[in-house]
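This is the structure I have questions about; it appears just below.
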Amino acid sequence: MLILTCPNCGLTAEESELAPGGEAHLKRFGPGSEDADFEGYLFQRANPKGVHFERWRHAYGCGKWFLAARCTVTLEVFGTYPAQTTEPPTEIVNKIKAKRPDWSLS
Amino acid sequence: MSTRLGTGGRLIDRTHKLNFSFNGKRLKGFAGDTLAAALMAENQMLVGRSFKYHRPRGIVAAGAEEPNALMNMGRGAKFEPNQRATTTELCEGLTAASQNHWPSLEYDIGALNQYAARVLPAGFYYKTFIHPRPFWKHVFEPIIRQSAGLGQAPKDRDSDRYEHFHADVDVLIIGGGVAGLQSAVIAGRAGARVLLLEQTAHWGGRAPVDGVEVDGQAADIWINNTVQALEAMPNVRLRARCMGAGVYDHGSVLAYERLTDHAPQTDAPRHRLWKIRAHQIITATGAIERPLSFAGNDIPGVMLAAAIRDYVVNYAVSPGDRTVIVTNNDDAYRTAIALHHAGLMVPCIVDARPTATGALPEQARALGIPVKTGTAIAKVKGGKRVTGVALCQQAGEGSVTEEIACDAVGMSGGWSPVVHLWSHCGGKLNWEDQGQFFRPDPARAPISHDGNAFVSAVGSADGHMLTQAVFDSAAAIGTEIATRLGRKVATEPVNVTGPQEQPLVPVWVMPQGAPVEARSKMWLDFQNDVKVSDVQLAAREGYESVEHTKRYTTLGMATDQGKLSNINGLAILANELNARIPEVGTTTFRPPYTPISMGAIAGEARGDIFQPLRRTPLHDWHEDHGAHWEPVGHWRRPYCFPRGEETHAQAVAREIKATRTSLGLLDASTLGKIVVKGPDAGRFMDMLYTNMMSTLQPGKCRYGLMCSENGFLMDDGVVARIDEDTFLCHTTTGGADRIHAHMEDWLQCEWWDWKVFTANITEQWAQIAVVGPNARKLLQKLGGGMDLSASALPFMGWAEGKIGDFDARVFRISFSGELSFEVAVPASQGRAFWDALHAAGAEFNATPYGTEALHVMRAEKGFIMIGDETDGTVIPQDLGLGWAISKKKDDYLGKRAQERAHMIDPARWKLVGLETLDGSVLPDGCYAVAEGVNANGQRNTQGRVTSTYHSPTLSKGIAIGLVLHGPDRMGEIIEFNKVDGGVIRTRIVSPVFYDPEGEKQNV
């Protein structure tokens, strides 16, 4: 059972307090968009063996969504950050690079 | 025979006798005994039958690794199968019965299987029962089911209580032997919050049995002093009878505490499941002795050498008068010495090694015990009990050199560290040649959230088999962990006095050249009857993966999960494959370490508190008035209110009739109520709903549809605009939390710069639908001064004011087609308001109605119900709700998805009404058949029923459903399948069966 720190309320929360929300940083495609873009937005998801950016909601806590950078293999958490961003913060990216020199933000 | 010795027994209290029964026999033991010890003391070595061949099975071990001594324990509401006699503490009145035999333990018909063993090899079931195919279901499976399974399933409801317990600690130490104790002392002195768990009732593990001295005193003294010191530390908690069951992600651990199994009279919970979050975990889980593979090693009386030592030293139980020890290491000599000191005969020690010159062998020789090196057991003699052994040369093929009469055999093939908890969460292992075992690799430990190791192994769990090394490793790891937690540590060295040991020599088959007849009598897995020959056969048949071999042969799949058989089986497989053991690898270690009770997993979550029940302010009234309940989400809603001898159908018909002709009252409090507020609320509402909500005027209501981004209809309800900045969204009863979460998701993660708040106020209001031709009269009678006339408060309007003395929001909305006012009052006023409505409504025959009447009335009006007409694949356009989809808006959630080719396909099934020609009620969910068959040979379909009821208003069956080109086929007759065959001829009609012009609701 994972533990993640909610960047909104600061609590270190048990996984049972949290609700998962899938991949983070999706760009929404609305009316008028190409079929391929819309398909990518709605259905195509990264499934990396390694660093993954993902959405979590502190459902049984403050109720806020936040984002986490986590390794899907070792379950190491590189950091959590507010959901109100379209890309991982530099600080998080640097943290990951320090630990995983071969990794890059694609 | 096995018996109780006249003196000794460090764990038993001879002044406290206990009565118990085994297979109906009344027996006696002492307080402190395990059931296994007490059975052996009463000469009951035969305790069960093996799974496949029904071979006689005796006690092999003294702890959690026991594969044979599984019991049906207790009676009635306290019955539980498959309990290990070796880990069951004896208590007064204990009732145990052996398993897997018929008609009796002594004479088991199933034992005939062993004579057919040659035709029951590994994979027998897979090979035999595949042809002819129909035989499996009708012939093979019923027979196999009859004979399969060990214990019986309990029949009565469990009368015991169970509970969960949460803990957060700096250091969790699993295992209360000397390694665990020493680690706890160091971490405890350093100030860390420590929890120390021991699965048995006793601290100290094997050290006292093995007779080592710690700091110049008997190990018992060091253990007692240490436990006392730990108990005095406020930051240290000790729990005996508490097993570390599983290690999970980020330091999460489940532990299983058996609180009152040893004292069942106590009124405390039986088991407690600990959910522990530990920053660091130390596994001090010790090691398990391995059996040796020689012919007849499964005959009752053949035991692990260390287990014999346990029974002699701890319980003063002799396994037999004459015990032969067979070993490949020095440790087993301790058993010979212990037996000798207990006054028992050890005819000889059979040591497969060419020489044995260590301190322990020399000590045994000095005591006059013959040591035969380079020797092996060719065969154990006996049936239900050992009668002797035939010896041979280990290097040879089994020619018997001599026979020795004995009634017990103590075997030791070396020790394997208990690496289960280390491995549960990804810890990797290294093979250690010297001791021939897998041990934890600290460089590949389980990783926590911070990227650092969170599990460390100490003592023999880390492969340190000598007590001094155990203490040293515990001190080193304890110090490292405390330092890792930022604490200062002071350690004092602990000095152990005990003999040095010479290395073991790997012996996987005894003798090394044993012929196949002997190998097919060498058991690896005692419970599942897997023999050396079975693993070899699997290898010859091409099984290379250890995981596949396990499943093919069932090696290690018994209830002990390979605790005894794993390494021996791997070694045989590796040998057959000409590979080294580490190349073959191990099977996966999965939690729990030993089975834990279902009761502990459930905890308190049973009966009334299995799930929290949400109650409306009127719940008690409903209960007092005989409501038949229907679960809706976490709520209970009245399905109907039967009176006297009424059936439910009669009650529903009465409720509908009363409502349609005069007055009905419905508790609608469970409807979701979500406030959306802020300067951007209108903009946000336009994205959430398919309709244009921003144009809704304050004081007005509008029915709205909500779709997922995938276009499918997910919820509906009436929206009321409270003021310029504020909307009140009604959702379905089950949808309130989900829809609120949906709103928050979009607000927080997509449109976070929009100035909008949402709040779920469902439980703040009691909401009552006052429905029927006399609805207005009733509310006016209550007074309060609100103008409820059609002109002041028209259909789809709402107003705030007083009804009588109550603070009310009155919504003129209707889900029944009748004149209807939904009145919301603060939850605290709900019950009083409901009572006032009933009191004043008596003259109008005010009738409470339930969800079924609500459903029927809405179906009579052709109103959709989320979950009936929708199933996650239906879009509003399918339901004739195009009028509720704004054409003017650029965007709303689901709009892009609804533009996809499949969504605009004219062949999508569309909503219509359905009327059977004979007036009968269509079966729920039935399909309309079409010409021809599909690719699977199934009849083609052209529609399905989504709601179907008997309409008391129209005195006939009515239904709504989705039909191919339905709205264009009004009047056409199609056929629906009946469940029991045949078809029902049905006419396609308008879905609005009642008052199509809406005259009744709009008055």
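Within every chain, numbering begins at 1; the chains are lettered A, B, ... in the order of the sequence lines, protein sequences first and strands thereafter.
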Q) Looking at T86(A) and W752(B), what are the two nearest heavy atoms and their distance? A) CG2-CH2, 4.1 Å
Q. Looking at L2(A), V77(A), D35(A), L26(A), which makes the most heavy-atom pairs under 4.5 Å with chain B?
A. L2(A)
Q. So, the side chain of H250(B) versus the backbone of I3(A): is there a donor-acceptor pair under 3.5 Å, distance only?
A.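 Here the side-chain-to-backbone pair exists.
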Q.
As an exercise: rank L893(B), D753(B), D891(B) by heavy-atom pairs under 4.5 Å with chain A and give me the winner.
A.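 So the answer, after comparing L893(B), D753(B), D891(B), is D891(B).
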Q) If every non-hydrogen atom of E76(A) is compared with every non-hydrogen atom of I447(B), which pair is closest and at what distance? A) CB-CG2, 4.5 Å
Q: Counting only heavy atoms closer than 4.5 Å, note whether Y41(A) contacts chain B via side chain, backbone, both or neither.
A: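 Just its side chain gets close to chain B.
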Q | Rounded distance [0.5 Å steps], CD in E709(B) versus CZ in F38(A) | A | 5.5 Å
Q) For D450(B), is it the side chain, the backbone, both or neither that has a heavy atom under 4.5 Å from a heavy atom of chain A? A) backbone
Q: Return the option, out of H449(B), R896(B), K895(B), with the maximum number of heavy-atom pairs under 4.5 Å with chain A.
A: R896(B)
Q) What do you reckon, is NZ of K428(B) surrounded by more than 12 foreign heavy atoms closer than 6.0 Å? A) no
Q) Measuring heavy-atom distances to chain B, does L42(A) have an atom under 4.5 Å in its side chain, in its backbone, in both, or in neither? A)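 Contact with chain B: side chain only.
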Q: Output the option from P31(A), A24(A), A83(A), G32(A) having the highest count of non-hydrogen pairs under 4.5 Å with chain B.
A: P31(A)
Q. Has D890(B) got more than 12 heavy atoms of other residues, nucleotides or ligands less than 6.0 Å from its CG?
A.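 Open: at most 12 neighbouring heavy atoms sit under 6.0 Å from CG of D890(B).
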**Q.** Under 4.5 Å from any heavy atom of chain A - which part of A901(B)
**A.** neither
Q) Under 6.0 Å from the CD atom of Q611(B), do we count more than 12 heavy atoms belonging to anything else shown? A) yes
Q: Could you check which of T74(A), L4(A), L75(A) has the highest count of heavy-atom pairs closer than 4.5 Å to chain B?
A: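 Among T74(A), L4(A), L75(A), the one with the most close pairs to chain B is L75(A).
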**Q.** Nearest heavy-atom neighbours spanning F43(A) and N710(B)
**A.**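 So the two residues come closest at CZ-OD1, 3.7 Å.
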Q. For D745(B), does its backbone N or O pair with a side-chain atom of R57(A) as donor and acceptor, under 3.5 Å?
A.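 Checked: no pair found.
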**Q.** Euclidean distance, C749(B) SG relative to Q84(A) CD, rounded to 0.5 Å
**A.**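 Going from CD on Q84(A) over to SG on C749(B), the span is 6.5 Å.
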Q: Identify which part of K99(A) has an atom lying under 4.5 Å from any heavy atom of chain B, answering side chain, backbone, both or neither.
A: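 Looking at K99(A), just its side chain touches chain B.
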Q | Region of E899(B) in contact with chain A, defined by heavy-atom distances below 4.5 Å | A |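 Looking at E899(B), just its side chain touches chain A.
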Q. Do side-chain atoms of Q748(B) reach the backbone of W65(A) as a donor and acceptor pair under 3.5 angstrom?
A.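 Flag set: sc Q748(B) to bb W65(A) pair under 3.5 Å.
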Q | Check: E750(B) main-chain N/O paired with R28(A) side-chain donor or acceptor under 3.5 Å | A | no
